[in-house]
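Atoms considered below: every heavy atom in the structure, side chains included; atoms not considered: hydrogens, waters and symmetry mates. Convention: sequence-line order gives letters A, B, ...; per-chain numbering from 1. In this text, all values refer to a predicted model and were calculated from it rather than measured experimentally.
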Amino acid sequence: MVKSKRKPVEEIQNSIADFDKILTVGCGGCASVCLAGGQREVNALNAELGLLFKSEKKTKKLGSYTVERQCNMQFLVELDEKVKDYDCLVSMACGAGVQLMAERYPTLPVFPAVNTVSIGVDREIGMYEEKCRACGECVLAYTGGICPVTRCAKGVFNGPCGGTNRGKCEISQDIPCAWLDIFERLKGQNRLDDIMKLQAPMQWQNQVQRTTVQEPYARRYYK
Amino acid sequence: MKAGSNLEKILTAGHFAFTGELGPPRGTSIEHVKEKAQHLIGHVDMVNITDNQTAMVRMSSWAASMIVKELGLEPNYQMVCRDRNRLAMQADILGAYAHGLRNILCLTGDHQQFGDHPNAKGVFDIDSMQLVSMVKKMRDEGKFLSGEEIHEPPKFFIGAAANPFADPFEWRIHRLAKKVEAGCDFIQTQCVYNMKKMREWIKMANDMGLTDRTYILAGITPMKSIGMAKYMQSKVPGIEVPDEIIKRLQGVDKKMVAEEGIKIACEQIEEFKELKGVAGIHLMAIEWEHKVPEIAERAKVLPRPVMD
Amino acid sequence: MDISTLLSGSNAYDFIRGPLVWISFIVFFLGLIFQVFRFISMTEKIDHSVYNPRPRTKLPKLSLNAETISRFLTKTKLSIVGVNPVMVIVTTLFHICLVVAPLFLLAHNILLKDAIGVSLFSFSDCFADYLTLILMACGLYFLLRRFFVARVRAITTRYDYVMLFLATAPFITGYLAYHQLLPDYYRLVISLHILSGELMLMAVPFTKFVHMVFFFVFRFSIESEYSLGKGNRTW
Amino acid sequence: MFKKNTAGVDTARVKERLEEHKTKMKLSLKACAHCTLCAESCFLYMARDKDPKYTPSYKFINSIGLLYKTKGNVDKVTLGEIRDNVWERCALCTRCYCPLGIDIPEMIALARSICREQGVYPQYDRE
């Protein structure tokens with residue numbers, strides 16, 4: 001799912017410096033699962049902000065609330081009454097959640113409290129690895145289930161490049177070469193033919209805002 | 001003739017090619033380019049003009065190529081995929097050709113993290129292989145990547161790089177085959193130090209008939225010092241320096257290390273002259289341009305043939 | 001024959017004081033060992049070195065200063081200690097008393113010395129008495145909580161009352177016996193005291209008391225957001 | 001004894017699923033001390049005026065716990081109640097705290113999975 005990371009508290013404090021009544025809203029979806037923006041983080045952020053404001057001798061009203069998911073309007077409805085008591089909102093959801101909330105409350109400033117990092121997998125508690133860049137044209141079929149767009153530093157489609165360094169990427173000995181892994185996996189599956197052919201340039205899909213309409217629903221939305 | 005460049009003429013005539021390399025300045029000094037170029041004039045058939053090499057900002061490759069060309073030296077316009085998308089690349093290719101450039105070297109480019117702007121957005125819209133095929137399409141089909149017609153298409157002699165030493169070794173020859181398939185006319189290899197692996201690779205290329213379809217120029221960089229050899233061995237990705245080379249450099253008197261480095265390079269050149277499948281040498285004398293005449297002299301590749 | 005005569009009858013009394021004590025100890029320890037082994041067989045070790053953050057960066061060394069202290073206090077305030085302080089204190093006291101009071105009771109240690117020749121350190125009777133009172137008070141708090149706190153009542157069953165009673169019965173009877181509050185039934189009370197203690201021990205591995213082991217096993221070895229330490233096992 | 005109306009439910013399959021996870025699930029259910037210290041860690045419990053039905057332990061006792069208690073002999077109505085507990089009352093944000101370390105999210109996830117197999121799940125598309 002979407003992985004995010006809390007911003008430094010100073011940055012959040014900066015963005016809300018001019019407001020006195022602040023409601024921090026958590027998200028029970030991805031942000032919660034990756035331990036970045038669930039109820040627990042909302043409470044922690046407010047505690048930190050409270051201490052900072054106290055040290056500056058400022059009294060501010062800090063509210064906290066967590067909704068099921070911020071990326072669906074129906075879950076934001078329950079905030080309608082609450083937000084009336086506040087003059088700005090801090091969202092701990094991914095970029096999508098922040099924007100939907102800003103859209104629902106156009107007169108209220110909404111500030112992000114997390115940086116949306118990636119679409120990734122859970123490796124260990126609190127450690128997540130990026131796996132997908134949502135390029136919109138999945139090539140995993142011929143790359144042995146290893147994404148060159150995400151994992152290769154140069155995102156080449158006809159790798160490995162000449163920078164492969166003892167099985168690692170040229171940019172760091174900590175990073176395994178994606179294309180070496182692709183090669184090894186395809187070789188193991190006897191599928192090297194998949195990368196023998198020259199791969200044509202990518203038709204990048206992620207250049208304009210995309211709206212996804214699933215096929216069975218096409219008749220509803222396309223006239 | 002595909003492009004009619006000096007290099008193409010020399011290679012098609014069956015001569016053993018000898019090319020050099022020149023890094024553009026990190027500033028606007030034409031004098032700097034001239035100073036470096038004067039050592040190369042008459043001693044090499046063509047000179048590679050690097051494109052923001054190691055991801056450091058330098059004078060653009062096509063601009064430096066123009067200066068070099070005015071001096072009477074044939075440039076090889078390098079283009080990396082890191083800094084431009086397919087539109088900018090095709091535009092530059094048109095412009096470069098219009099100004100009389102005839103050789104192009106298509107590279108993926110070092111990652112931006114190496115350079116002076118480590119957090120720049122790497123473009124990598126297409127990769128080097130797709131770039132080769134794009135230049136070929138422009139030349140042979142007279143079409144842009146999109147398929148639209150080009151009015152008076154650019155005719156480039158297309159080069160690409162190959163690294164016989166990076167992992168996995170058994171895949172390297174297939175990657176060369178892919179580049180040949182994509183349409184490259186000549187290949188310049190990564191610096192060769194491991195001759196055994198190089199011979200093996202060339203033999204495979206011969207066996208697969210790749211050397212009949214493309215010209216392979218072996219990359220040579222003479223070692224200046226033991227420190228450089230050790231750095232190359234441990235720090236430079238994709239370069240393989242066998243311990244014998246380092247031992248050999250360590251075996252001579254301190255003042256004679258550079259001399260020994262040149263000697264090794266000359267021995268390699270001698271061997272490549274005889275090796276079937278190698279069509280020439282690409283000499284990368286990094287910040288050592290003034291030594292090129294001496295190396296060329298001692299490697300007995302002078303005088304360079306003059307084509308009309 | 002009613003139950004009081006049955007329990008104070010010499011045959012039953014001897015059985016409860018003699019063999020059943022050993023049986024309950026054996027059941028208790030073997031049961032715990034069984035549960036721990038089953039746990040080990042159900043879980044596997046994690047190799048934490050497989051996945052590493054990239055790029056790797058070094059962390060600054062931990063130090064004790066105003067900032068880290070205030071951070072620790074904030075963390076504590078937000079943890080279960082800050083959210084439910086009363087319950088946490090009560091439950092901690094309850095469990096400490098539950099283990100410590102019988103283990104270091106003088107009377108138990110005398111019996112232990114008689115039986116196997118060694119004994120543990122003993123508290124004074126007065127101190128043990130306080131521990132018992134604290135435990136009973138905590139037990140009462142649990143009982144009232146089950147009655148009056150809506151969310152606890154929502155999941156409380158008869159079984160919970162029985163188990164709460166079973167956990168506190170040895171202490172109640174022990175208290176009654178020590179203070180000879182029911183002099184006419186002393187022998188019965190003592191029998192009930194021993195019997196309830198034995199039943200509780202035997203119940204530990206097989207009832208909800210199993211949380212005695214699993215608190216340590218789950219919280220300390222299973223990797224999770226709330227694990228105490230890194231956790232090196234997974235299901 | 002009345003026989004439960006289990007029409008429309010593949011109880012054999014439910015039993016099979018329950019059997020697969022029996023050891024861990026039964027152990028977890030047994031280890032639960034019914035202390036409700038997990039309640040405040042659930043943001044939905046907090047957001048819904050501390051309604052006891054949102055307590056994490058309530059949710060797993062009345063879903064996967066119910067399935068084990070009935071040994072899989074459940075009817076559609078019961079499955080419907082379970083659905084309310086594991087979907088309507090749980091976002092599966094995976095953040096519930098248990099002082100004993102019981103893996104509550106996994107229990108909810110298993111209950112969801114069993115319900116889904118029996119065709120009981122939230123109908124987002126009510127067309």
Side-chain touch A:Val33/D:Arg95, heavy atoms, less than 4.5 angstrom: no

Nearest non-hydrogen partners of A:Ser32 and D:Cys93, listed with the distance: OG-CB, 3.3 Å

Might you point out which heavy atoms bring A:Tyr65 and D:Ala47 nearest each other, and give the distance in Å? OH-CB, 3.3 Å

Is the number of heavy atoms from other residues, nucleotides or ligands under 6.0 Å of A:Arg219 CZ greater than 12? no

Just checking A:Phe75: does its CZ atom have more than 12 heavy atoms from other residues, nucleotides or ligands closer to it than 6.0 angstrom? yes

Give a yes or no on this: more than 12 heavy atoms of other residues, nucleotides or ligands lie within 6.0 Å of atom NZ of A:Lys5. no

Reported CG-to-OG1 distance for the pair A:Leu35 and D:Thr94, which is rounded to 0.5 angstrom: 7.0 Å

Are the side chains of D:Leu44 and A:Glu68 in touch, meaning some heavy atoms are under 4.5 Å apart? yes

Which atoms of A:Val42 approach chain D - backbone, side chain, both or neither, heavy atom under 4.5 Å: neither

Could you tell me whether D:Lys15 atom NZ has more than 12 heavy atoms of other residues or ligands within 6.0 Å of it? yes

If you draw a 6.0 Å radius around NZ in A:Lys54, do more than 12 non-hydrogen atoms from other residues or ligands fall strictly inside? no

Sidechain N-carboxylate O distance under 4.0 Å for A:Arg40, D:Glu40: no

If you count heavy atoms of other groups shown closer than 6.0 angstrom to NZ of D:Lys22, is the number above 12? no

Could you give the distance from CZ (D:Phe43) to OG (A:Ser64), rounded to the nearest 0.5 Å? 13.0 Å

